[in-house]
Amino acid sequence: MPVEGVWDLSVSTPIGLIEAVIELRREDGLLRGAAHGAGEEVPLSDVRLDGDRLTWKQAVTTPLRLNLFFDVTVTGDTLTGTSRAGRLPASGLTGRRRTLLPAGEPRR
């Protein structure tokens with residue numbers, strides 16, 4: 001199943017639950033994307049999909065300036081895995097792909 005789409009993430013960190021959104025798309029045969037959260041948008045780098053394992057890197061400045069590494073397993077419309085900031089302990093992560101509603105169908 002393709003991994004492209006919009007994903008809502010929840011990361012359980014030592015400072016509390018952080019929610020973010022990532023958007024993944026294919027350009028010129030490569031996976032690319034961006035993350036949105038805490039009032040900033042940052043590009044994803046080194047996005048790789050190997051079977052059901054998805055990894056990427058991103059830098060954030062809020063709430064701290066950190067370089068993050070994500071390692072997740074994709075199962076249909078869900079993600080489970082970890083986010084790691086340098087030598088800090090890994091934080092658990094879950095995610096769910098947003099589904100697009102057919103045109104004109106109301107949200108419930």
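When a residue number appears, it is its place in the shown sequence, counting from 1.
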* Asked: Val47, Val60: one ILVMFWY side-chain cluster at the under-4.5 Å cut-off?
  -> yes
* In chain order, what residues pass the side-chain hydrogen bond (donor to acceptor under 3.5 Å, both in side chains) check against Arg96, with sequence neighbours excluded? -> none
* Asked: In terms of hydrophobic clustering (I, L, V, M, F, W, Y; side-chain heavy atoms under 4.5 Å; direct or indirect links), are Leu93 and Leu49 co-clustered?
  -> yes
* **salt bridge (Lys or Arg N to Asp or Glu O under 4.0 Å) involving Asp71 - partner list, sequence neighbours excluded** => Arg53
Listed pairs under 3.5 Å, donor-acceptor, residues 81-90 side chains, sequence neighbours left out:
residue, atom, partner, partner atom, Å
Arg84, NH1, Leu88, O, 3.2

* Do Leu31 and Phe69 belong together in a cluster built from hydrophobic side chains that touch within less than 4.5 Å? -> no
* Kindly write out the residues that satisfy side-chain hydrogen bond (donor to acceptor under 3.5 Å, both in side chains) with Asp46, not counting sequence neighbours, or none if the list is empty. => Lys57
* Structure fact -> Across all chains, not counting sequence neighbours, the side chain to side chain contact (heavy atoms under 4.5 Å, CB included) partners of Ala35 are Ile22, Val42, Leu44, Gln58
* To do: May I have all residue pairs that pass salt bridge (charged side-chain N to carboxylate O under 4.0 Å, His left out) and include part of residues 5-15, sequence neighbours excluded?
  => Asp8-Arg98
* Minimum-distance pair of heavy atoms, taken over all atoms of Ser91 and Ser12 -> CB-O, 3.1 Å
* Closest contact, heavy atoms only, Leu24 versus Trp7 -> CD1-NE1, 3.9 Å
* Structure fact -> Tracing side-chain contacts under 4.5 Å among Ile, Leu, Val, Met, Phe, Trp and Tyr outward from Val21 reaches Val6
* Asked: Does any pair with a residue in residues 34-58 pass ring pair (Phe, Tyr, Trp, His ring centres under 6.0 Å), and if so which ones, sequence neighbours excluded?
  -> Trp56-Phe70
* Please name all residues satisfying side-chain hydrogen bond (donor to acceptor under 3.5 Å, both in side chains) with Arg32, sequence neighbours left out, ordered by chain then number. => Glu27
* For Ala34 and Glu41, work out which heavy atoms get closest and say how close. => CB-OE2, 3.9 Å
* Asked: Does some side-chain heavy atom of Thr94 sit less than 4.5 Å from a side-chain heavy atom of Val72?
  -> no
* By side-chain hydrogen bond (donor to acceptor under 3.5 Å, both in side chains), which residues pair with Arg48, not counting sequence neighbours? -> none
* **Considering all heavy atoms, the nearest Asp77-Arg97 contact** => OD1-NE, 2.7 Å
